[in-house]
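The block underneath contains the structure these notes are about, expressed in structure tokens.
Just so we're clear, the structure is a prediction, and the values are computed from it rather than from any experiment.
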Amino acid sequence: MVGLLLKTWMIGLATLVWSSACHGEATTGKEFIAMFLQMNVIEKDPTFIVSTTELSTVVTITIPKLDYTQVYNVPESSKLEVSVPKSIVPTSDGVDKLGIFINSSNPITLWGVHDASDRSVDGFLVLPTDVLGREYFGVSFEPHSGTELGVVAVEDSTSILINFNQRYFYKTQFIYPRIPLRITLNRFETLFITSYDDLTGIRVTASAPVAAFSGNQCTFIPVTSNHCDYTVTQLIPFSRWGMNYIVTSFLGHTDYIIKIVAGRMGTTVNIGEGKHRYELNQLQSVTLNLHSSEVITASHPIMVAQFTYAQALVDGTSHAAMTVIPSVRQYTNSAVIATMVDDQLTQHFFSLVSACYNFQNQYILLNGMPIDFNTTNIYLSDAEYCTSKMVLNSNYNTITTSAPDALFYAVINERSEFFSTARVANFQLPQATCVTTNEYDVNVTHECDEEVVIFTYSCPEPCPVDDEEELICGTCFDGYAIFLVILLSSGLTICVDQFIKCCRAGGQEEWEVEDWKRRAAMMQKAFDTGAWDRQLEIIRKNERKKLEIEFGDA
């Protein structure tokens with residue numbers, strides 16, 4: 001058994017290393033799949049904003065349903081706004097083929113701006129396909145004329161499962177809690193759902209990576225507002241959420257709203273230094289009205305979305321808009337800030353958050369120049385965080401840093417008499433990691449969208465006297481315990497790891513086995529039966545049966 005488990009560990013290690021190396025890390029990219037959600041009034045074609053840095057690029061936009069292809073040459077260090085036909089906007093709930101494919105010869109930053117109406121606009125940062133995931137949670141606001149969820153498939157035969165903790169309407173029927181909606185999508189096909197209830201927390205799981213979008217056709221923020229505004233964002237996959245956030249208002253605003261969404265049971269959320277504490281379970285969320293910059297921490301990964309108020313300001317009028325906020329581990333050291341060109345837009349702003357010493361040492365530069373900043377008295381891990389909120393006088397701007405570890409996030413905010421937009425600038429998207437602990441205090445670090453199954457085996461007790469077994473296991477100590485850890489993901493990826501913990505007899509100090517290479521060589525010499533391959537195939541078959549139950553014919 002011990003030798004078999006050692007073989008398990010070696011095979012599992014190779015699987016883990018390969019899987020980690022395949023994940024993208026940035027929101028810049030060369031391949032994107034997107035969709036636009038519904039608006040109450042569709043008057044114009046929606047827009048994509050393409051931004052380059054030091055390399056020019058050729059961008060191709062393809063809409064398979066419309067047999068539509070357009071090719072654009074975009075110079076280096078510039079931005080280009082391109083429109084796509086408004087007939088690609090969904091008109092009703094259900095499955096359609098409304099996916100839009102954007103391909104670039106060099107990395108770009110891409111935003112979608114749903115400006116199909118002159119009186120209500122919002123936008124979102126488009127995520128490249130290599131950072132998409134299999135699990136998402138929606139976020140929206142209390143609707144006036146519908147909250148929205150959209151999903152686009154990247155691969156054929158993708159099984160989609162939608163779960164929510166309350167009843168919602170889909171097409172001509174009610175979908176009830178604990179009775180998931182099951183849909184199969186092919187590449188570029190879309191699922192679109194609208195509801196007259198707030199869909200915040202609605203869970204999307206898929207058998208392959210998908211892109212997901214959420215928002216409101218029309219909502220009043222606050223509910224006493226006279227302006228009903230469109231809001232939208234592209235959702236970040238759960239596997240890339242974070243646990244530490246800094247939030248701040250936009251320039252000219254004193255108040256704002258955040259929504260915090262939990263993806264796992266038993267998530268403890270703290271806001272500020274003891275100001276608020278919440279215990280959330282999966283599918284649950286909390287909405288807060290904030291009046292200052294705040295730090296948010298959580299025991300498990302969370303998603304944070306920020307909403308602006310529709311209100312009169314000293315320097316103009318603001319309308320409701322929304323964006324997701326990057327966690328601290330997602331901060332970047334370079335970003336492009338590109339704004340819309342619109343006859344109605346009169347004001348362009350950005351808000352930036354970073355550690356104060358990066359501002360004080362002039363490490364952060366806007367178009368090559370140091371920027372002004374404000375202190376917040378907000379601390380995280382003993383570092384104080386500051387903000388910068390400025391007017392933008394150019395439609396294309398770059399934020400760079402003169403020190404590689406000077407990291408930040410930035411949000412673009414645009415305002416006119418009739419609408420506002422909020423779009424996060426490009427940031428990093430590393431995989432989120434979680435730690436699971438078993439009853440023997442063995443800690444397993446794994447990607448947060450993986451399920452951990454721990455099997456415990458007892459080693460021979462008392463110690464065997466067989467010389468060959470001792471050659472394989474090493475020097476024997478009474479109380480040997482072996483933990484076989486299996487990591488399962490919804491895409492039928494199975495990673496196996498193991499921990500060996502030995503305790504000396506008579507209460508002597510703990511002894512850890514670390515000489516894996518020597519033991520692996522001994523194991524290879526002693527065991528060559530193929531038993532592990534047969535055991536792994538049994539595990540795969542069992543997990544495949546579970547997914548067939550969950551996803552139907554997936």
Side-chain angles (χ1 to χ4, degrees), residues 33-43 45-46 63-66 84-100 112 114 116-117 120 122 124 134-154 156-208 210-219 228-235 261 283 322 551-554:
I33 288 180
M35 69 177 293
F36 287 98
L37 302 186
Q38 197 175 82
M39 297 183 76
N40 281 349
V41 178
I42 305 294
E43 300 169 329
D45 294 335
I63 305 177
K65 180 180 181 178
L66 304 182
V84 294
K86 61 186 178 182
S87 56
I88 204 64
V89 176
T91 57
S92 61
D93 285 16
V95 174
D96 207 330
K97 197 172 183 178
L98 304 176
I100 305 168
H114 208 340
S117 169
S120 189
D122 204 4
F124 53 92
R134 298 185 179 96
E135 182 180 10
Y136 295 87
F137 293 84
V139 60
S140 54
F141 210 80
E142 191 69 29
H144 171 68
S145 59
T147 56
E148 306 180 297
L149 176 72
V151 179
V152 191
V154 178
D156 286 340
S157 302
T158 298
S159 297
I160 308 293
L161 203 67
I162 308 294
N163 282 285
F164 198 35
N165 57 7
Q166 58 182 301
R167 186 185 72 171
Y168 65 96
F169 200 74
Y170 173 69
K171 298 179 73 172
T172 59
Q173 61 180 322
F174 281 109
I175 306 297
Y176 291 88
R178 301 183 185 88
I179 304 177
L181 174 66
R182 306 170 189 271
I183 300 289
T184 298
L185 300 178
N186 290 320
R187 182 168 167 84
F188 302 126
E189 286 188 335
T190 54
L191 169 65
F192 179 66
I193 298 173
T194 59
S195 174
Y196 286 100
D197 297 304
D198 187 357
L199 292 178
T200 296
I202 192 169
R203 185 185 183 210
V204 179
T205 52
S207 60
V210 295
F213 304 81
S214 189
N216 291 81
Q217 291 181 27
C218 183
T219 185
C228 196
D229 295 302
Y230 174 77
T231 64
V232 68
T233 192
Q234 179 163 1
L235 299 171
V261 182
L283 309 183
M322 72 175 290
F551 287 119
D553 297 329

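Minimum interatomic distance between Lys86 and Asp45 (heavy atoms only, all atoms of both residues): N-OD1, 2.9 Å. Summarising the geometry of Thr158 relative to Val210, their closest heavy-atom pair is CG2-CG1, 3.9 Å, with the distance given to 0.1 Å. The two residues Thr219 and Cys228 have their closest heavy-atom pair at N-SG, 3.4 Å. Scanning both residues, Ser87 and Leu66, for their nearest heavy atoms gives OG-CD1, 3.5 Å. In terms of heavy-atom proximity, Pro90 sits nearest to Met35 at CG-CE, 4.4 Å. Of all heavy-atom pairs between Ser214 and Val139, the closest is OG-O, 2.8 Å.
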Can Glu148 and Ile193 be said to form a side chain to side chain contact (heavy atoms under 4.5 Å, CB included), step by step?
CA-CA 6 Å; Glu148 306 180 297; Ile193 298 173; over 6 Å; no

Under the criterion side chain to side chain contact (heavy atoms under 4.5 Å, CB included), I'd like the reasoning laid out for Leu191 against Leu185: C-alpha separation, chi angles, the key distance, then a yes or no.
CA-CA 8 Å; Leu191 169 65; Leu185 300 178; 4.2 Å; yes

Stepwise side chain to side chain contact (heavy atoms under 4.5 Å, CB included) check, Met322 with Phe141:
CA-CA 9 Å; Met322 72 175 290; Phe141 210 80; over 6 Å; no

List the steps and the verdict of side chain to side chain contact (heavy atoms under 4.5 Å, CB included) for Phe124 and Phe36.
CA-CA 10 Å; Phe124 53 92; Phe36 287 98; 4.1 Å; yes

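Under the side-chain hydrogen bond (donor to acceptor under 3.5 Å, both in side chains) test applied with Thr231, the options Asp122, Thr147, Asn216 reduce to a single match, Asn216.
Remark: Phe169 CZ to Thr194 OG1 distance equals 9.0 Å, nearest 0.5 Å. Here OG1 of Thr190 is found 10.0 Å from CG of Leu37. Values are rounded to the nearest 0.5 Å. A distance of 7.5 Å separates CD1 of Ile160 from OG1 of Thr205, quoted to the nearest 0.5 Å. Distance check: Ile162 CD1 to Ile179 CD1 gives 15.0 Å after rounding to the nearest 0.5 Å. With rounding to the nearest 0.5 Å, the separation of CD in Gln38 from CG in Asp93 is 7.5 Å. We find the CG-NZ distance between Asp96 and Lys65 to be 3.5 Å, quoted to the nearest 0.5 Å.
Taking the six-membered ring where the residue is Trp, Phe164 and Tyr168 present perpendicular rings, their angle passing 60° and hence far from 30°.
In this structure, the side chains of Arg134 and Ser207 stay at 4.5 Å or more apart for every pair of heavy atoms. The shortest distance between side-chain heavy atoms of Asp229 and Cys218 does not fall below 4.5 Å. At least one side-chain heavy atom of Leu149 sits less than 4.5 Å from a side-chain heavy atom of Leu235. Side-chain contact between Val154 and Arg187 is present, with at least one heavy-atom pair separated by less than 4.5 Å.
The side chain to side chain donor-acceptor pair (under 3.5 Å) test applied to Asp198 returns Ser140, Thr200, Lys259, not counting sequence neighbours.
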